[in-house]
There are 2 protein chains.
Amino acid sequence: MIPITAARRLPPRPAAGMVPAMSRSEPSSSAQHGRTGRPRSAEADRAILEATRAALVELGWGKLTLGDVAARAGVAKTTLYRRWNGKSALVVDAVAALFDERLELPDRGSLRADVEGVIQQFAALLERPETKTALMAVVSEATRDEALRGRIRSAVVDRQKRLVIMGRERAQARGELPPDADGEDGRAAAAHHVDLIYDVIAGAVVHRTLVSGERVDAGWAREFTTLLLAGLTSAP
Amino acid sequence: MIPITAARRLPPRPAAGMVPAMSRSEPSSSAQHGRTGRPRSAEADRAILEATRAALVELGWGKLTLGDVAARAGVAKTTLYRRWNGKSALVVDAVAALFDERLELPDRGSLRADVEGVIQQFAALLERPETKTALMAVVSEATRDEALRGRIRSAVVDRQKRLVIMGRERAQARGELPPDADGEDGRAAAAHHVDLIYDVIAGAVVHRTLVSGERVDAGWAREFTTLLLAGLTSAP
DNA sequence: CTATTTCGCTACGAGTCGTAGCGTAACTTT
DNA sequence: AAAGTTACGCTACGACTCGTAGCGAAATAG
């Protein structure tokens, strides 16, 4: 008894906001911070993120409330605010987990097959109602929030870009694409090329799914791949 | 005096919602409905949409409130709810006006120049903070709202697609692209082709600007156009 | 055991939402 | 000119969400 209220005697408070969740796939859980007190419940993290995805599906971004998420997850609302500083940050983490699990690039033997595969894989991810609703909402919020942009970059963009880099290297090894030029310029050009390809592929799939509102079926993936390969394999 | 409250003696009310603004560029204004009472103020429409854009720039989608918009526009909050059924619908109309004014396709003499021009024009539109913030937010909301999807389609998608169709026809007239095949199949294939090109161009520009968060400069537009043309001009 | 941190809970003021009701203004029809 | 109809500005309202504060209890490290 007579417990000394810990929070009270803290310094002015690090900020009004909360833990950055360090952009890892592993949220903000467990000990290992070298900290001394009671560790955050990893189970609570899991439940919260899952509840967030479920609430997104049912309510959509606009009507999703943190109070509702807390109730679904079986935790107190205050716990949410202790870990994330708002709706956007929470949803990014909730959706980022899906990008971890579901994006791979098995070697399908040819550049064409690899490209077509990644298109369909990404399209399948976007078909999920959680991602469909959340991704663009978060992107929209990020236009006014630098920290959120950083989060999206590491949780979504960088992960996808890695697939492009890998596929490109494989194609070069197969001789389907010319190797990168040597030197600093060559590396810069290669990076630019990767960025371009990434925006074209991801952009087209996202746009067709969310803006045009039509499905990415096998036929479309094939046509798009054909168009793309002609551009990729022609002279620089 | 003793005025008979008009609203009271109306039938059960058309709905809880509001005027569809009929998807025209001209909002919901003026008489000419053949209606009989006081017409809606077109000036109010103009002021509201402009106030909406201004509020978007300052506050962003998340913190934009209809009460604030009403105050800026110098109208009563209730007037907003009489014309639009919510934030999303209002913002779509507010942003759609920009797409009207700013999207044209002057004949630049070659397919390459036309494509590069439309890319830069669209990119310039997305640079504006109103569109940057609003477009994806609205798209996100639309994933759960069929009516909103229709609005976006007519206010944004169809207008842009028209540019693709026009550019394509010009290129065919110049002999830069093969003419469409005859018959029903030919027309269907042409429509598919237009859809594909549209999603690739608009998608890449949107994705680079909003997701990757990098500028569409002249160099990028050139590289992208090169990639695209190689794909377009190669055999089907 | 002591120090420290997190947890669930309750409570709260501030702010927004969307609607209702009223009296007035503007326009059409007779 | 009068009557009928619709839009407008204003005020007020209950319902809800937000984000924070404070408390006592639980969980861990040393």
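Sequence lines set the chain letters: A, B, ... in the order given, protein chains first and strands last, and positions in each chain run from 1. Computed from a predicted model, the values in this text were never measured in an experiment.
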Original post:
Do the side chain of B:Lys77 and the base of C:dG18 come within less than 3.5 angstrom through a donor-acceptor pair of N or O atoms?
Top reply: yes
**OP:** Return yes if some donor-acceptor pair links the side-chain N/O of A:Thr131 with the main-chain N/O of A:Arg128 below 3.5 Å, else return no.
**Re:** yes
Subject >> Spacing between B:Arg40 atom CZ and D:dG9 atom P, to the nearest angstrom >> reply: 12 Å
Original post:
When you check the phosphate oxygens OP1 and OP2 of D:dA26, does a side-chain N or O of A:Arg38 lie under 4.0 Å from one of them?
Top reply: no
Original post:
Would B:Arg53 and B:Glu50 pass as an ion pair if we require N to O under 4.0 Å?
Top reply: no
Original post:
More 5' along DNA chain C: B:Gly37 or B:Thr65, using each one's nearest nucleotide?
Top reply: B:Thr65
Original post:
Rounded to the nearest Å, what distance is computed from the NZ atom of residue B:Lys63 to the C1' atom of nucleotide C:dA14?
Top reply: 14 Å
Original post:
Rounded to whole angstroms, how far apart are CG on A:Leu90 and P on D:dC18?
Top reply: 11 Å
Original post:
With respect to the side chain of A:Thr79, which nucleotide from D:dT5, C:dC27, C:dG8 is positioned closest?
Top reply: C:dG8
Original post:
Is B:Arg159 salt-bridged to B:Asp100, cutoff N-O under 4.0 Å?
Top reply: yes
**OP:** For A:Glu43 and D:dT28, give me the distance from atom CD to atom P, rounded to whole Å.
**Re:** 14 Å
**OP:** Write down the distance between CH2 (A:Trp84) and P (D:dG19), rounded to a whole number of angstrom.
**Re:** 15 Å
**OP:** Report yes if at least one side-chain N or O of B:Thr78 is closer than 4.0 Å to OP1 or OP2 of C:dG18; otherwise report no.
**Re:** no
Original post:
Within this structure, what is the CZ-to-P distance between B:Arg82 and C:dA20, rounded to whole angstrom?
Top reply: 11 Å
Original post:
How close or far is atom P of D:dC10 from atom CG of B:Leu80, stated in whole angstroms?
Top reply: 13 Å
Original post:
Which class fits the ring pair A:Phe99 and A:Phe122: parallel under 30°, tilted 30 to 60°, perpendicular over 60°?
Top reply: tilted
**OP:** Nearest whole angstrom, please: distance from the C1' of C:dT19 to the CG of B:Leu66.
**Re:** 13 Å
